[in-house]
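The structure under discussion appears below in the form of structure tokens.
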Amino acid sequence: MNNWIPEEFIEEVRRQTDIVDLISEYVMLKRTGKNYMGICPFHSEKTPSFNVNPDRQTFYCFGCNTGGDVFSFLMKINNLTFLEALNRLAERAGLELPEKELTPEQKERRRKLKRFKEIHEYAAAYFHDVLLNRPEGRVGLRYLAQRGIDTNTIKFFRLGYAPDQWDGLLKELQSKGVSPEELVEYGLAIKKSRDEQGHPSYYDRFRGRIIFTILDSRSSPIAFGARVLDDSLPKYLNSPETPFFHKGHNLYGIHYAQRGIRERGYALLLEGYMDTIAACKAGFTNAVASLGTALTKDQAKLLKKYADKVVIGYDSDSAGVKATLRAGEILLEQGLRVEVLILEEAKDPDDFLKNHSAEEFQAKVDNAVTFIEFKYYALVKDNPPRAITDKAELVKKMAPDILKIKSAVEREGYERFLSLKLGLSLEAIRYEINSLAKQTKEKFIKTENFSLKQDISVKNRNTIGGTKIDSIGDSFVPLGVIRAEQMLIRLVLDNPDFKIKVLERLGDDFWRLKEHKIIFDNLPDRSFIGFIHEDLLYQRIQQRLADIYELEIESTEAQALLEDCVSSIEANKNRETIEEMQARMIKLEKSGDIAGALAVLQEIGERLRRG
């Protein structure tokens, strides 16, 4: 938790940070009346709908409904934690972040992390300088020129060259006070067996290779990929895992693509470094690549921070198809929409862009097929289903992915797709898929340890200040209830005395949205210091607050509006629909609260019996 930061310090940083000045560093703003307008940095648009309010020190986009304060803006646009955003804004304001008392272990880890970053910055600068300015790097420059990579691209991606020497990096960094042991620890050198005198010897990990500097979302070097200039093996070498670098947690190109993904509304997931560079060079600034490994769940989660759609553009060979199938399954599990790029004329995007224009590549992206369709065609290519049993087996293979689709309309579309392709009735396809879903559900329930049911049902409830709050998603709450809660908070923001009246009439446990309760509980101060250690929750709170501020209220009608909101909430308090109860049951089941789900199921049965 970050509660060691004094609330007074956070408020001082907020006070000294003007939201118009901050956002102007990222967006061109134009004054319109009391507010400022600009092109939203979080989605693609041509007409400005991004509004900045200097009086409230908030921002809000009427196009994508994104909003918040100075902290949530910086968190969202640069993918920062609250503490990182606070630190940046404090530095910007000339304020020094209070020091937290660390344990000896924490101090040592912080020291090593700082050293890790420093050494990787030294190494990146060395490889880059060798490529651009030293004689031993000319062979690397010639190779990149043959691949169509110019100097501007080299500088943008911080490409480099590791000379064909055993100790080039060792000597260079030794002059900067870096020991061979440190280079071994951080994966940049390798320790050999001791020599005849018993002294250890070391040599550079990367030699005679083009260097691809892997940058994190803040453009800091954290690892390297290295490619040979000929056909020798291994073709690629990558930095090993260290306490501060995990391949499965990062993506190549994310340092620039995070903004491009937001603007275009989707990520272009490619297989290799050169694919990513070629795509970016052609104007596709939303292209990223996994780091020499199969896509991981953490990488999928990282992509989901920026968009809800991913277009996969892996190689077209058999290995690339297998990688696409696995990546698509992982992306679907994270709730992302997945499409697959089909390039019949080339083996990969780099190869395609050598012989085709950016417009032609865009046309291919526009015509990408859905992952479900891609998987179907991949499965039937070598083993076309002929017998009825083959078709049944194919449906079983497709079912898990179709069941991951949240949209009922989209799911039915895929069921119809299989029906047409396999010559089977829609009812048969649907029955088979639902049967598999039921079997999976029953298997899950049987494996649960029912002796822990009560603990599970308690564990899966969120508690704030001792008050139970059901973590119900927005889609499960009637729009009228959401609007009533929003209006209630808006009224209290303008009329703080109304808070007591609300508590007297409704108590404090009526809220259907978690963020609404948090905001209400912290009025009139609007201090959310207790939630800064939960970055996503803090951003959601600020988002909700921005939504609420956009509601227009006539001051003369405030009392009447308050009465209407309270009456509406009272009327809906005990009127949860069967559909809402079913949705709540599914959510509880997915979270592991089997006892809670069974209780809701029983409640549904009783409701139906009562009519």
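Residue indices begin at 1 and follow the sequence shown. Everything numeric in this text was worked out from a predicted model, so none of it was measured.
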Self-check item: Stepwise salt bridge (charged side-chain N to carboxylate O under 4.0 Å, His left out) test for K112 and E185
Solution: CA-CA 10 Å; K112 284 195 169 186; E185 182 180 4; 3.0 Å; yes

Quiz prompt | side-chain hydrogen bond (donor to acceptor under 3.5 Å, both in side chains) contacts in which one or both residues fall within residues 267-276, not counting sequence neighbours | solution = N238-Y273

Self-check item: Under-4.0 Å salt bridge between E345 and K364
Solution: yes

Practice problem: May I ask you to decide whether E25 forms a salt bridge with R92, counting only side-chain N to carboxylate O separations under 4.0 Å? | Solution: yes

Quiz item: So, are E172 and R134 salt-bridged, with charged N and O less than 4.0 Å apart?
Solution: yes

Quiz item: Taking C-beta and beyond as the side chain, do L268 and I312 meet within less than 4.5 Å on heavy atoms?
Solution: no

Quiz item: By salt bridge (charged side-chain N to carboxylate O under 4.0 Å, His left out), which residues pair with R337, not counting sequence neighbours?
Solution: D308

Self-check item: Side chain proximity check, E515 to L537, heavy atoms < 4.5 angstrom
Solution: yes

Quiz item: Using a distance-only test with no angle check, is there a side-chain donor-acceptor pair under 3.5 angstrom linking D230 and Y143?
Solution: no

Self-check item: Where A300 and L336 come nearest, the two heavy atoms and their spacing
Solution: O-CD1, 3.7 Å

Quiz item: Is there a donor in the side chain of H43 and an acceptor in the side chain of E45, or the other way round, less than 3.5 Å apart?
Solution: yes

Quiz item: Does K347 pair with D317 as a salt bridge, N-O distance under 4.0 Å?
Solution: no

Quiz item: In chain order, what residues pass the salt bridge (charged side-chain N to carboxylate O under 4.0 Å, His left out) check against R109, with sequence neighbours excluded?
Solution: none

Quiz item: Does the ring center of F224 lie less than 6.0 Å from the ring center of F212?
Solution: no

Exercise. Identify the heavy atoms of C40 and C64 that sit nearest to each other, and give their distance.
Key: SG-SG, 3.8 Å

Quiz item: Taking side chain as C-beta onward, heavy atoms only, is N53 less than 4.5 Å from Y36?
Solution: no

Self-check item: Trace of the side-chain contact (heavy atoms from CB on, under 4.5 Å) decision for L331 with L295
Solution: CA-CA 9 Å; L331 292 166; L295 188 77; 3.8 Å; yes

Quiz item: With V139, which residues qualify under side-chain contact (heavy atoms from CB on, under 4.5 Å), at least two apart?
Solution: R142, Y161, L229

Practice problem: Applying side-chain contact (heavy atoms from CB on, under 4.5 Å), name anything that partners E339, two or more places apart in sequence or on another chain. | Solution: K309, V311, A368

Quiz prompt | side-chain hydrogen bond (donor to acceptor under 3.5 Å, both in side chains) against R264, all qualifying residues, sequence neighbours excluded | solution = Q362

Self-check item: D401 side, atom CG; I372 side, atom CD1 - distance, nearest 0.5 Å
Solution: 5.0 Å

Exercise. Evaluate the side chain to side chain donor-acceptor pair (under 3.5 Å) criterion for residues D348 and Y314: first the C-alpha distance (whole Å), next the side-chain angles of each, then the deciding distance (0.1 Å), finally the verdict.
Key: CA-CA 7 Å; D348 56 39; Y314 285 178; over 6 Å; no

Practice problem: Search all heavy atoms of I214 against all heavy atoms of G225 and return the closest pair with its distance. | Solution: CD1-N, 4.0 Å

Quiz item: At what distance, to the nearest 0.5 angstrom, does CG of N355 lie from CD of E360?
Solution: 10.0 Å

Quiz item: Does any donor atom in the side chain of Y60 or N65 lie under 3.5 Å from an acceptor atom in the other side chain?
Solution: yes

Quiz item: Hey, what do you get for CG (L173) to CG (L183), rounding to the nearest 0.5 Å?
Solution: 5.5 Å

Self-check item: Polar contact flag, side-chain donor to acceptor under 3.5 angstrom, D547-Q543
Solution: yes

Self-check item: Residues that D167 engages under salt bridge (charged side-chain N to carboxylate O under 4.0 Å, His left out), provided they are two or more places apart
Solution: K171

Quiz item: Can you tell if the side chain of L74 reaches within under 4.5 Å of the side chain of F82, non-hydrogen atoms only?
Solution: no

Self-check item: Y256 side chain reached by F156 side chain, heavy atoms, under 4.5 Å
Solution: yes

Self-check item: Contact summary for R209 and A226, nearest pair of heavy atoms
Solution: NH1-O, 3.3 Å

Quiz item: Run the side chain to side chain donor-acceptor pair (under 3.5 Å) check on D69 and S72 step by step: do they pass?
Solution: CA-CA 5 Å; D69 63 354; S72 58; 2.9 Å; yes

Quiz item: Sequence neighbours excluded, which residues qualify as side-chain hydrogen bond (donor to acceptor under 3.5 Å, both in side chains) partners of E373?
Solution: T370

Practice problem: Return the set of residues passing side-chain hydrogen bond (donor to acceptor under 3.5 Å, both in side chains) with T151 (not counting sequence neighbours), or none when no residue passes. | Solution: none

Quiz item: Taking only residues two or more places apart in sequence or in another chain, which ones pass salt bridge (charged side-chain N to carboxylate O under 4.0 Å, His left out) with R88?
Solution: none

Self-check item: Between Y376 and F374, ring centroids under 6.0 Å
Solution: no

Quiz item: Who pairs with Y414 by side-chain hydrogen bond (donor to acceptor under 3.5 Å, both in side chains), at least two apart in sequence or on another chain?
Solution: E410

Quiz item: Is the closest side-chain donor-acceptor distance between E181 and Y202 under 3.5 Å?
Solution: yes

Practice problem: Begin from the C-alpha positions of Y186 and R115 and carry the test side-chain contact (heavy atoms from CB on, under 4.5 Å) through to its verdict. | Solution: CA-CA 10 Å; Y186 298 133; R115 188 62 168 161; 4.0 Å; yes

Quiz item: Are any of the side-chain heavy atoms of Q299 and L269 separated by less than 4.5 Å?
Solution: no

Practice problem: May I have the step-by-step check of side-chain contact (heavy atoms from CB on, under 4.5 Å) for L251 and L303, ending in yes or no? | Solution: CA-CA 9 Å; L251 291 162; L303 288 172; 3.6 Å; yes

Practice problem: State which residues pass ring-ring contact (aromatic ring centres under 6.0 Å, His included) with F59; sequence neighbours excluded, sorted by chain then number. | Solution: F50, F73

Practice problem: Over all heavy atoms of both residues, which pair between L215 and I254 is shortest? Give the atoms and the distance, please. | Solution: O-CG2, 4.0 Å

Self-check item: Minimum side-chain heavy-atom gap F127-L159 below 4.5 Å
Solution: no

Exercise. Evaluate the criterion side-chain contact (heavy atoms from CB on, under 4.5 Å) for residue pair F157 and H255; output intermediate values, then yes/no.
Key: CA-CA 9 Å; F157 282 93; H255 67 290; 4.3 Å; yes

Quiz item: Is the shortest distance from a Lys or Arg side-chain nitrogen in E329 or K404 to a carboxylate oxygen in the other one below 4.0 Å?
Solution: no

